Asker: 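First, the structure itself, so that you have it in front of you.
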Amino acid sequence: MKKFWEILLIILLPEVIIFTIIGIWKHDRLRHPFDNSSIKLSEKVIMPVDHSKFAELQKDFKTPQEVTKACLKCHNNIDKQLMINEHWLWIKDDTIPGRGHVRLGKRNIINNFCIASGANEKLCTMCHAGYGYRDKNWDSTKTENMDCLICHDHTGTYRKANPCADTSAKGFGYPAKGVNLRNVAMHIGLPERHNCGACHYTGGGGNNVKHGDLELALNHTTKLVDVHMGVDGQNMSCTDCHKTRNHNIPGNLAMVSASPSNSFSCTECHTSAPHKSKILNEHFQQVACQTCHIPVYAKVQPTNIYWSWKDAGKLRPGGGLLHFEKEIPVDSITRYVHNMAYIHDLTTDSVVYEYDSRHGAAILAKDVKPEYRWWNGYTDHHFITDPIKSDTVDLNPLMGSYADNLHPMDSKHPSKIYPVKVMRGNQIYDTKYDRLIDPKLVGKKGEGGFWRDFNWDTSATLGMAYRGLKFSGHYGFIQTRSYWPLNHEVAPASQALSCEACHSRHSRLSNLKDFYLPGRDVNKVVDLIGWLMVIGALLGVAIHGALRIFSNKNS
Amino acid sequence: MKKVYLYRGFERFWHWTQALFILFLLLTGFEIHGTYKLFGYKTAVFLHDNTAILYVVLIVIIYFWLFFSGDWRQFFPKKNMLLKDQVIYYLNGIFKGKEHPLPKTITNKFNDLQRLTYFSIEFIILPLMVIVGLLYMNYDYLKANFGLSIDLKYIALTHVFIAFFLLAFVIGHIYLTTTGYKPLSSIKAMLTGWEEVGEEEETTALEDYLRFVFQQAEKRAAEPDYTIDTETFKSVFKKVAKDLGLSGAAVDELLTMYSFGHFKIGADGKFIEVNDVWKKIFECTEITDPVGRSYTLNLSGDDKAKVEELFNKVLQGEKVTGVRVPRYCKDGTKRYHAVSMAPVMQDGKVVAVEGFIIDVKE
């Protein structure tokens, strides 16, 4: 009995206490964690001025330029702020590490949607914050051509004309037919979601086609789609984060930027240690907030994940345009687009297959899982003059690696893992000169634009000539990728990724192979030797034990 | 059934706590490694880290205990280890029902193979595991604040490799507990402190145990209030035993099993009385063998001079504690024992000398 109490006191009781502590002790908990509810949105600036009372604006404006001039009468010199803005210039000075200074912007980059603005400016500039941007000879010093209304319209009626559909417009980037300039001018204010969204939601030719995380639904949405913008939550607008001063709108898009020179981050409100758990906070050293908090994108409207230009140009018998969309099961994607090299990790069972004679084949998908890349905020770019060196061209390779996380080349921007929409497709290139082609796509019939004449030869020749480059006459189609880091459609905390999303054999980070990730990685040699040791011990024990039992019986 | 006391209370506590820690760390650790899914990754990490932190605390306490109790000596490899005998025993003798070549005693409770293994585990592998684990656990912090530049891969793989090794060790360790006197003897010993042993082993173990306690008692004897008589010695014995973490039951058990050779010598140098243990130590059967004879018995030369010197010292009123002296047993062999003695006073005069002996090896 004494021994029983001794065992109880010395062995059982302490273990019960110790393992109770192990079960409930939260060693990882910060003593004074950051309180998310302490973040206060700054009061929305309400303009004390009622613009509708100004006689200057109570006019029947003949041209949109008259509106701009009226704005500048009071807001004098404001045009100087916009004169250096990318929304106006479509190009900016930037630096690519290792390549030095570059001029970069919509004017000269190549993507794998509608490829390039080059000879297509007539159409592309319907999203330019100005009037009359017709071609490369456009004069950026004529500030009366600035379009104030596209960003400041509060009536929701201001639209720009699509030069293909609306031929009555007086010039490129002009307001659409039926826009009441007087009414719009009298009802202006600070930009709202629909102002930014007018261009940024519909890039690539339709709602959410291009970005994947910017779509019309964000104008009026719920927390489940976007925790910041949901009307049932913070109901924030774009400029609450893209805090604009002097018309400089912060935020860098990797497709048109090379450096994070004008960027901002979640930490400005949430600090770099927003979790109660230290381990989670430490993840910020390697993992961007977006990685866990944007588990899927394209939550409402499907986004384009694959674009095959190679398939473009098939017409109906008789020459009519072919256009159809249909839902196809995910596992049949490769039957529709044979050269699709990679199938996204989709959450849905079906995707949309779209065929259009002008564009070729496309795959659009909803609720897409992002891909993940190391990124330090710097982005290289494949310029049209750069030679093609591989089977697949990365149009804007995100710079960064695990090594850069360990020894950052810029201590302010060490590489972190980011969620990225990777846009894949194939597009035309010059097989002799080994460089990408900026084809002329738009134009009236007979002008050589591919979308009317369906002739790659003329389209390539004209497009390249516009840029002052030669086309060899030989073209092919090459696989390309472009990278679109995701920042929007942040999910509520409860929907954030769990540990197993990355720390498991089926890791979302299975593509990032240059580092050891607990739970995902095993070293085959270590595991083999390890299991051999364990099995060896078991076998040894079994054999020795059996021999002992056997010899005992004998004796 | 013969038993020896081998593992003190704290030892048993730390052994089982360490055992459960290692098993639980293996269980949660291999989940983190991705081998299976049990608690879920987040909970597994949480439990693993909690256990690891407490384990670091335990290991510090263990080291302190080993250092201050002197028990670390038992872990350190010594010269002339009989590894070969042991290997031969496990490969051959064990199947023939032979006894283990190396008996367990309290000052030598590990056989040579255990010494080598536990030294490697407790002083090399576990500390390495703990250090690597701490680097792993605080990797981000150390990287950010102390520029730790070892790739996580090497830290993680070392941690995993040692984990495999420990798993293999645990398997072998548990199996070897069944190779004691009886299959469950060793496990029982680790629970109660008392190990069942064979006859031969028991004698060695208990002699060693008494020698150990006696040495400890000697050290205490320097305290001023120490006078040597049966009760005092027993109380010192108990005190020492208690300090060593022996339970009251364990002390009583030992005292019943063993007592010390007790003697009383008159001022004239002639034995007045001896007890049975004394007789056993001197291998004599009759009480008249010593009683009435001179205390020097058959000693001569230097040996005799040494004993006389001690005796005279006590006659002067001094005390002697734990001095090793030679003796000739009844069968004529020369052996040694440790003696502690003190004067018996009467009316301010020394009338007799009383003391204890315990057999010691040469």
Side-chain angles (χ1 to χ4, degrees), chain A residues 2-3 6-7 9-12 14-15 18-19 21-28 277-279 282-286 402 406-407 498-500 503-505 515-523 526-527 529-538 540-542 544-545 547-548 550-552 554-555, chain B residues 9-10 12-13 15-17 20-21 24 31-35 37 40-42 45-47 49-51 53-54 58 90 94-97 136 139-141 143-144 149 151-157 160-161 163-165 167-172 174-176 178-179 191-194 247-249:
Chain A
K2 256 186 186 173
K3 272 179 188 162
E6 201 184 296
I7 293 170
L9 269 173
I10 294 177
I11 297 158
L12 282 174
E15 303 314 327
I18 287 168
F19 276 84
I21 294 172
I22 288 171
I24 57 173
W25 179 37
K26 293 187 166 62
H27 79 274
D28 184 38
S277 153
K278 285 182 212 165
I279 295 184
E282 279 171 355
H283 275 70
F284 185 57
Q285 279 187 44
Q286 294 93 1
Y402 174 62
L406 277 182
H407 308 288
S498 67
C499 308
E500 283 92 347
H503 293 281
S504 65
R505 297 281 188 266
F515 66 103
Y516 184 90
L517 180 61
R520 179 193 71 172
D521 292 335
V522 287
N523 180 298
V526 169
D527 263 41
I529 297 173
W531 287 119
L532 284 178
M533 283 195 296
V534 173
I535 292 165
L538 282 170
V541 159
H544 198 268
L547 282 174
R548 266 171 67 209
F550 183 72
S551 65
N552 257 5
N554 274 4
S555 59
Chain B
F10 185 77
R12 283 176 276 152
F13 161 75
H15 170 268
W16 288 112
T17 312
L20 288 176
F21 277 0
F24 197 61
E31 174 164 15
I32 296 167
H33 185 54
T35 310
K37 196 174 170 172
Y41 193 86
K42 190 178 180 177
V45 170
F46 164 80
L47 293 171
D49 286 2
N50 270 358
T51 315
I53 293 167
L54 290 181
L58 178 76
Y90 283 119
I94 192 165
F95 302 119
K96 295 176 179 162
Y136 201 160
Y139 186 73
D140 286 324
Y141 177 78
K143 199 177 81 177
S149 60
D151 198 305
L152 182 68
K153 185 180 175 178
Y154 301 110
I155 293 173
L157 291 179
V160 169
F161 184 79
F164 274 116
F165 178 85
L167 181 57
F169 164 76
V170 165
I171 292 166
I174 293 172
Y175 171 71
L176 284 169
T178 66
T179 61
L191 285 168
T192 62
W194 292 87
S247 64

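Since the model is a prediction, treat every value here as computed from it, not as a measurement. Below, chain A is the first sequence line, B the second, and so on; all start at residue 1.
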Asker: What closest approach, in Å, do B:Leu191 and B:Arg12 show between heavy atoms, and which atom pair accounts for it?
Answerer: O-NH1, 3.0 Å
Asker: Name the region of A:Asp521, side chain, backbone, both or neither, that has any atom closer than 4.5 Å to a heavy atom of chain B.
Answerer: backbone
Asker: Between B:Tyr41 (side chain only) and A:Ser504 (backbone N and O only), is there a donor and an acceptor less than 3.5 Å apart?
Answerer: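 Not confirmed, B:Tyr41 side chain does not pair with A:Ser504 backbone.
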Asker: Taking every heavy-atom pair that is under 4.5 Å apart, which of A:Ile11, A:Leu9, A:Leu538, A:Asp28 has the most such pairs with chain B?
Answerer: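 Looking at each option in turn, the highest pair count goes to A:Ile11.
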Asker: For chain A, which candidate among B:Gly172, B:Ala168, B:Ala163 shows the most heavy-atom pairs at distances under 4.5 Å?
Answerer: B:Ala168
Asker: Which atoms of A:Ile279 come close to chain B, meaning under 4.5 Å heavy atom to heavy atom: side chain ones, backbone ones, both, or neither?
Answerer: side chain
Asker: For A:Lys26, is it the side chain, the backbone, both or neither that has a heavy atom under 4.5 Å from a heavy atom of chain B?
Answerer: both
Asker: I'd like to know whether CZ of B:Phe161 has more than 12 heavy-atom contacts from other residues, nucleotides or ligands below 6.0 angstrom.
Answerer: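 No.
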Asker: Using the side-chain contact (heavy atoms from CB on, under 4.5 Å) rule, take A:Ile18 and B:Phe24 through it: C-alpha gap first, then chi angles, then the decisive distance, then the call.
Answerer: CA-CA 12 Å; A:Ile18 287 168; B:Phe24 197 61; over 6 Å; no
Asker: Quick one: what part of B:Leu157 sits under 4.5 Å from any heavy atom of chain A, side chain, backbone, both or neither?
Answerer: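 When you check distances to chain A, atoms from both the backbone and side chain of B:Leu157 fall under 4.5 Å.
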Asker: Apply side-chain contact (heavy atoms from CB on, under 4.5 Å) to the pair B:Leu54 and B:Phe21, showing each step before the final yes or no.
Answerer: CA-CA 9 Å; B:Leu54 290 181; B:Phe21 277 0; 3.9 Å; yes
Asker: If the condition is salt bridge (charged side-chain N to carboxylate O under 4.0 Å, His left out), which residues does B:Lys37 pass it with, not counting sequence neighbours?
Answerer: A:Glu500
Asker: Would you mind checking which part of A:His407 comes under 4.5 Å of any heavy atom in chain B, side chain (CB onward), backbone (N, CA, C, O), both or neither?
Answerer: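 For A:His407, the side chain is the part near chain B, not the backbone.
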Asker: Please classify the contact of B:Val170 with chain A as side chain, backbone, both or neither, using a heavy-atom distance under 4.5 Å.
Answerer: neither
Asker: Quick one: which of A:His283, A:His544, A:Gln286 has the most heavy-atom pairs under 4.5 Å with chain B, could you say?
Answerer: A:His544
Asker: Are the side chains of A:Ile21 and B:Asn50 in touch, meaning some heavy atoms are under 4.5 Å apart?
Answerer: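 No - every pair of side-chain heavy atoms lies 4.5 Å or more apart.
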Asker: Select one option (side chain, backbone, both, neither) describing which atoms of A:Ile535 are under 4.5 Å from chain B's heavy atoms.
Answerer: neither
Asker: Do the side chain of A:Arg505 and the main chain of B:Gly34 share a donor and acceptor less than 3.5 angstrom apart?
Answerer: yes
Asker: Please flag which part of B:Phe169 lies under 4.5 Å from any non-hydrogen atom of chain A: side chain, backbone, both or neither.
Answerer: neither
Asker: Could you pull out the closest heavy-atom pair between A:Phe515 and A:Arg520, with the gap in Å?
Answerer: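 Nearest pair, atom of A:Phe515 first, then A:Arg520: O-NH2, 2.9 Å.
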Asker: Please check this pair: side chain of A:Glu282 against backbone of B:Asp140, looking for a donor-acceptor N/O pair closer than 3.5 Å.
Answerer: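 Pair absent, no side-chain N/O of A:Glu282 close to backbone of B:Asp140.
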Asker: Under a 4.5 Å cutoff for heavy-atom pairs, which residue among B:Ile174, B:Val45, B:Asp49, B:Val160 has the most contacts with chain A?
Answerer: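 If we count pairs closer than 4.5 Å to chain A, B:Asp49 comes out on top.
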Asker: If you count heavy-atom pairs under 4.5 Å between each of B:Phe164, B:Tyr139, B:Phe165, B:Phe13 and chain A, which one has the most?
Answerer: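 The option with the most such pairs is B:Phe164.
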Asker: Pick one of side chain, backbone, both or neither for A:Asn523, based on which atoms fall under 4.5 Å of a heavy atom in chain B.
Answerer: both
Asker: Specify which of B:Tyr136, B:Tyr154, B:Tyr141 makes the most heavy-atom pairs with chain A at under 4.5 Å.
Answerer: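 Ranked by heavy-atom pairs under 4.5 Å with chain A, first place is B:Tyr136.
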